[in-house]
Amino acid sequence: MKILISNDDGVLAPGLASLYAAMADLGDVTVVAPDSPQSAAGHSITIRGPLSVRKVHVEGPRDFHAVSVDGRPADCVRLAIFELLDGPPDLVLSGINAGANVGIHVFYSGTVAAAAEGAMFRIPAVAFSAEVADGEVDFPRAATYCRGVLEAILADGLGPGDLVNVNVPSFSRGAPKGVKVTHQSTVELRDVYRKMHTEGDRDIYEIVDFSFDTGDPDSDVASLAAGFVTVTPLHVDMTHHPSLGRLSGVRWPEQQEG
Ligand code: MN
């Protein structure tokens, strides 16, 4: 099995090293990751200017060689699929992100975007994130849960373009209570922007806090907070299928030109 691993915390992130160590024996693994932290890069790609690519040696629980790209997570996966790999991989893995990617954060997450990029090319993909508590993540321990979940997912069978978002709760509350298949919460982010100071004619704002309510008790946010490993199937098709019929019946304006 040819596996591509990427992330959004950068090629030297400990979560990436732990994911590599946990998955290395599953197949022929290539790591292509951003050269700098790209959290909240979402699905952005680099269209102006070049992408510089170099090989790096990464030390971790199991040392490896990686390809470092001065771009976004989605750049890494696209470049790997189009150029760097010898044909498309059978599986794309992303993470392990330092911080949960649940709820509406899924839209901003570079970790999920890297996996989604694989799914867009009909390659099965799984994103892994670990909840941070007091600034700490036990990545090697989180990686054992990621491995277990991936084995179960692979045993069940991943189809072309399947995209799964996995989050591991912090161990500060003890071992996870189990694995829960959940849906994404869509409760909005409660960003707090604060005007920090003024520089000449510019007002400088910063996000000083971002949080969200847990939403309904079955959501990914609530399930992770309750101490479960969450497994959420996602899909790239953002179409709201139930609305297709209704909108198709709308009386649209006649096209008039000239
Ligand atoms: Mn990140």
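Order of appearance sets the numbers: ligands from 1, and atoms from 1 within every ligand. Just so you know, these numbers use all the heavy atoms, side chains as well, and skip hydrogens, waters and symmetry mates. Predicted model only: the values in this text are computed from it and were never measured.
No option in Glu117, His43, Gln38 other than Gln38 meets the side-chain hydrogen bond (donor to acceptor under 3.5 Å, both in side chains) test with Arg72.
For an aromatic pair to be called close, the ring centres must be under 6.0 Å apart, and Tyr20 with Phe64 satisfies this.
Side-chain polar atoms of Glu199 and His197 form a donor-acceptor pair below 3.5 angstrom.
Residues Ile81 and Ile123 have side chains in contact (heavy-atom distance under 4.5 Å, counting atoms from C-beta outward). Val231 is not listed as a side-chain neighbour of Thr182, based on a closest heavy-atom distance of 4.5 Å or more.
The Mn ion (ligand 1) has Asp8 OD1, Asp9 OD1, Ser39 OG, Asn97 OD1 as its protein N, O or S neighbours under 2.8 Å.
Closest non-hydrogen pair, Ala21 versus Arg62, comes out as CB-CB, 3.9 Å.
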